[in-house]
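Here is the structure we will look at.
To find a chain, count down the sequence lines: A is the first, B the second, and so on, and within it residues start at 1.
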Amino acid sequence: MSGLWSRFSLIFKAKASKALDRAENPNETLDYSYEQQLQQLQNVKRGIADVTTAKKRLELQYTSMQQQVDKLDGQARDALKANREDLAREALTRKAAVQAQLQDIMTQGQQLEAQQQKLIEGERTLSSKVEAFRTQKEVIKAQYSAAEAQVRISEAATGIGEHMQDVGLAIDRAKDKTQQMQARANAVEELSASGALDDFTSTGDDIDRQLQQISQSGQVDDELAKMKAELGPGGEAPKQLEGDAKEEEAPPS
Amino acid sequence: MIVRLLGEGQFEVDNGLIGQLNELDEEIGRAVEAGDERGLWDGLAALAEIVRENGRRLSDEELTPSDAVIPPEDLSLDEARELLADDGFIPDPVAT
């Protein structure tokens with residue numbers, strides 16, 4: 001049995017025994033272990049709070065991404081009214097890209113939600129285990145010889161240490177995931193906040209590639225046709241363009 | 001044998017299942033070598049399923065170390081390689 005899982009358990013055991021080696025006699029080990037556990041429990045609680053905060057920040061970002069989708073939609077309409085179908089196409093292409101990313105990020109957000117529930121459950125179990133250890137350590141102190149006590153403590157402390165590492169690992173993974181999502185959301189925000197008409201061929205990132213794919217897929221054509229139909233034939237006077245819409249008239253390089 | 005499903009908890013499973021679990025473990029190793037992420041996930045899910053189905057969940061008051069630990073089902077290939085690369089951790093936990 002030399003695969004993934006045996007490795008994991010051995011890593012846990014190595015770490016727990018290292019911590020215990022520091023104390024000499026059973027009573028010392030017991031109290032030291034318990035103190036460590038309380039401290040680590042605090043770390044776990046802080047870690048979960050961090051994940052929760054990061055997730056809330058991400059939720060705010062969904063909202064602002066949704067606003068950008070609306071803004072790009074408005075820009076496309078303005079461009080069409082000004083008979084600038086090329087600009088409308090670009091705006092819609094970006095809108096589709098932002099929408100695709102937004103959907104993806106929201107799906108990941110739901111997965112994160114499930115992980116967060118597991119973290120909370122893991123923390124609850126950990127609290128119970130630490131409490132059980134507190135009770136057991138008094139029993140061990142009172143009833144066992146030094147040698148027996150050492151073995152029992154080592155078992156119990158390793159068991160708890162393992163659970164700590166488990167929850168700790170889950171927290172780290174959830175944090176990583178949140179950061180990755182955050183980075184993606186930021187990239188999308190930058191893209192769409194720069195307006196529909198800036199040069200986006202020069203950035204050459206994932207989103208650009210997606211933009212190309214989407215514009216080839218016909219989705220934009222469909223939407224453009226729909227928008228044209230809504231706006232009626234023979235676009236309006238360019239007068240309608242104002243504010244930032246005017247800046248859009250600079251030709252894309 | 002006590003098995004921990006990471007992120008989920010510990011289960012006591014019958015030693016008779018070790019053979020079956022080991023087979024899956026080897027399949028997972030091959031999937032990782034082949035860069036087959038789908039295979040890795042399927043394998044981990046199958047391992048976890050056997051443990052959940054056949055195991056008794058330990059209560060919160062039981063403070064026992066695990067004999068084996070099964071990584072989370074969404075372990076990435078990179079994470080798996082990191083674990084497998086560490087050749088220092090090969091001893092057989094069944095012997096303990």
Roughly how far, to the nearest 0.5 Å, is [atom2] of [Y] from [atom1] of [X]?
| X | Y | atom1 | atom2 | result |
| --- | --- | --- | --- | --- |
| B:R4 | A:E162 | CZ | CD | 4.0 Å |
| A:E155 | B:L63 | CD | CG | 10.0 Å |
| B:S66 | A:H163 | OG | NE2 | 10.5 Å |
| A:D176 | B:E79 | CG | CD | 8.0 Å |

(message) Counting only heavy atoms from other residues, nucleotides and ligands, does the tally under 6.0 Å from CD of A:Q103 exceed 12?
(response)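 Atom CD in A:Q103 is not crowded, with 12 or fewer foreign heavy atoms closer than 6.0 Å.
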(request) Decide if atom CZ of A:R152 counts as having more than 12 heavy atoms of other residues, nucleotides or ligands within a radius under 6.0 Å. (result)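 No, the 6.0 Å shell around CZ holds no more than 12 heavy atoms from other groups.
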Closest non-hydrogen atom pair between [X] and [Y], with its separation:
| X | Y | answer |
| --- | --- | --- |
| A:L169 | B:L6 | CD2-CD1, 3.4 Å |
| B:D60 | A:R124 | OD2-NH1, 3.3 Å |
| A:T158 | B:P65 | CG2-CB, 3.7 Å |

(request) Using non-hydrogen atoms and a 4.5 Å limit, figure out which bit of B:L24 sits close to chain A: side chain, backbone, both or neither. (result)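 Interface part for B:L24: neither.
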(request) Under 4.5 Å heavy-atom distance to chain A, tell me which part of B:E62 shows up: side chain, backbone, both or neither. (result)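 For B:E62, the contact with chain A is made by the backbone alone.
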(message) Please rank B:I2, B:T64, B:D74 by heavy-atom pairs under 4.5 Å with chain A and give me the top one.
(response)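 Highest number of heavy-atom pairs under 4.5 Å: B:D74.
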Toward chain B, the part of [X] with a non-hydrogen atom under 4.5 Å:
| X | result |
| --- | --- |
| A:Q115 | side chain |
| A:E131 | neither |
| A:A170 | neither |

